[in-house]
Each structure stands twice: as structure tokens, then as C-alpha cells.
Amino acid sequence: MIEIVSSYYLWIKALHVISVICWMAGLFYLPRLFVYHTESGQVSPMSEIFEKMEYRLYRFIMKPAMHLSLVFGILLAIIPGTISSKSFHLKFLCVVGLIGFQYFLNHCRLQLARGNYHRTSKFFRIINEIPTLLLIVIIVCVIVKPF
């Protein structure tokens with residue numbers, strides 16, 4: 001398996017970067033949709049539009065992009081010496097944080113769709129920064145490898 005990954009390393013890395021970019025775009029955009037959704041009110045024509053947008057973003061972009069990111073990331077991680085790095089461990093923790101954040105966003109999406117949410121648009125504006133902070137740590141771990 002390592003020989004196959006080594007042979008296609010650059011392709012796997014490119015596909016990993018593409019899927020991560022798509023995943024991060026969704027993680028940045030979904031909380032922003034929640035801001036607009038909460039500000040539009042529970043019963044409004046816009047609320048239905050936001051629900052459709054949120055569902056489609058989550059189901060057709062974020063979920064597949066997350067799964068592809070993980071598959072290509074695991075393939076890259078099996079290269080000898082990768083997992084032993086302390087920078088890799090920190091990156092791994094941040095990726096686990098992004099996965100947890102995505103599932104939290106899905107929970108919020110479902111609450112908004114049911115109309116039983118209690119969070120404000122300000123809350124969603126604040127949590128919109130979480131993926132940015134995690135992304136910064138991940139990029140530093142990948143490129144600078146501080147540990």
C-alpha cells in the first residue's frame with residue numbers, strides 16, 4: 001500500500017488539498033447562513049430558502065469534502081515518519097476539532113429547520129471564527145512544522 005501511495009503521492013496530495021479547500025469553504029459559509037437565517041425570523045419565506053441552502057451545503061459539499069479530506073489525509077499519513085511528528089499530532093487534534101465543529105453545525109442546522117433554536121446571530125458570528133483559528137494552526141503545523 002505504501003508503494004502505491006508513494007507512486008501517486010502528488011495526486012493524492014493535490015486531491016487532499018482540493019477536498020480540504022471545499023470542506024473549509026463550507027465550514028466558513030454555513031455559520032454565516034445561520035446568521036442570516038436567525039435574523040430572518042422563524043416564519044418567513046426567507047427562512048425556507050435558508051433551510052434549503054443549509055441542507056444542500058451540508059449534504060452535497062461539506063459531508064463529501066470532509067470524507068474525501070479524511071481519506072486522502074489517511075493515505076498521506078501512512079507514509080513512514082509522518083505520524084511520529086509532534087506537529088502531526090497537533091494537526092490531528094485540530095482536524096478532530098473541525099470534525100466536531102461540523103457535527104455541531106449540523107445539530108444547529110437541524111434545530112433551525114425545526115424552529116426550536118435558541119442561539120442568536122451574534123453567537124453564530126462568533127463561532128464562525130473557530131474554523132479559521134484551527135486552519136491557521138493546521139497550516140503552521142504542515143508548512144512550518146514547529147515541533
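This chain uses plain numbering: 1 for the first residue, then up along the sequence. These figures come from a predicted structure and were not determined experimentally.
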What are the two closest non-hydrogen atoms of [X] and [Y], and how far apart are they?
X: Ala65; Y: Ser19; value: CB-O, 3.6 Å
X: Glu51; Y: His37; value: CG-CE1, 3.5 Å
X: Ile138; Y: Cys94; value: CG1-CB, 3.5 Å
X: Leu90; Y: Cys141; value: CD2-SG, 3.5 Å
X: Ser121; Y: Thr38; value: CB-OG1, 3.3 Å

- Message: Show, in sequence, the C-alpha distance, side-chain angles and deciding distance for Leu105 and Tyr58, and conclude whether the side chain to side chain contact (heavy atoms under 4.5 Å, CB included) test is met.
- Response: CA-CA 9 Å; Leu105 291 178; Tyr58 187 82; 5.5 Å; no
- Item | Exam field: side chain Thr82 to backbone Ile78, donor-acceptor pair closer than 3.5 Å |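 Not a single qualifying donor-acceptor pair exists.
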- Can you hop from Ile49 to Val35 via hydrophobic side chains spaced under 4.5 Å?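 Yes, same cluster.
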- Honestly curious: do Phe28 and Leu33 fall in one hydrophobic cluster under the side-chain, below-4.5 Å linking rule?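 Yes; Leu33 is reachable from Phe28 via cluster members.
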- Task: Take atom CZ of Phe60 as the centre, draw a 6.0 Å sphere, and report whether it contains more than 12 heavy atoms from other residues, nucleotides or ligands.
- Result: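 Yes, because the 6.0 Å sphere around CZ of Phe60 holds more than 12 heavy atoms from other groups.
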- Exceeds 12 heavy-atom contacts within 6.0 angstrom, atom CZ of Phe92: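 Incorrect, the count does not exceed 12.
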- With Glu39 via salt bridge (charged side-chain N to carboxylate O under 4.0 Å, His left out) - residues at least two apart: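 Per chain and number, Glu39 pairs via salt bridge (charged side-chain N to carboxylate O under 4.0 Å, His left out) with Arg125.
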- Message: Tell me whether Arg32 forms a cation-pi arrangement with Tyr36, defined as NZ or CZ under 6.0 Å from the six-membered ring centre and within 45 degrees of its axis.
- Response: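 Checked: cation-pi criterion met.
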- Query: Pick one: which of Leu135, Ile136, Ile130 meets side-chain contact (heavy atoms from CB on, under 4.5 Å) with Thr132?
  - Reply: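 Only one of Leu135, Ile136, Ile130 forms a side-chain contact (heavy atoms from CB on, under 4.5 Å) with Thr132, namely Ile136.
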- Please walk me through it: do Tyr9 and Leu76 pass side chain to side chain contact (heavy atoms under 4.5 Å, CB included)? CA-CA 7 Å; Tyr9 174 76; Leu76 293 171; 3.6 Å; yes
- Message: Contact between Met66 and Tyr103 at the side-chain level, heavy atoms closer than 4.5 Å - yes or no?
- Response: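 Yes, side chains in contact.
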- Query: Is the closest side-chain heavy-atom distance between Trp23 and Gln102 below 4.5 Å?
  - Reply: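 The answer is yes, as the side chains (C-beta and beyond) meet within the 4.5 Å cut-off.
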- Starting from the C-alpha separation in whole Å, work towards a yes-or-no answer on side chain to side chain contact (heavy atoms under 4.5 Å, CB included) for Lys52 and Tyr55. CA-CA 5 Å; Lys52 287 179 186 176; Tyr55 171 78; 5.8 Å; no
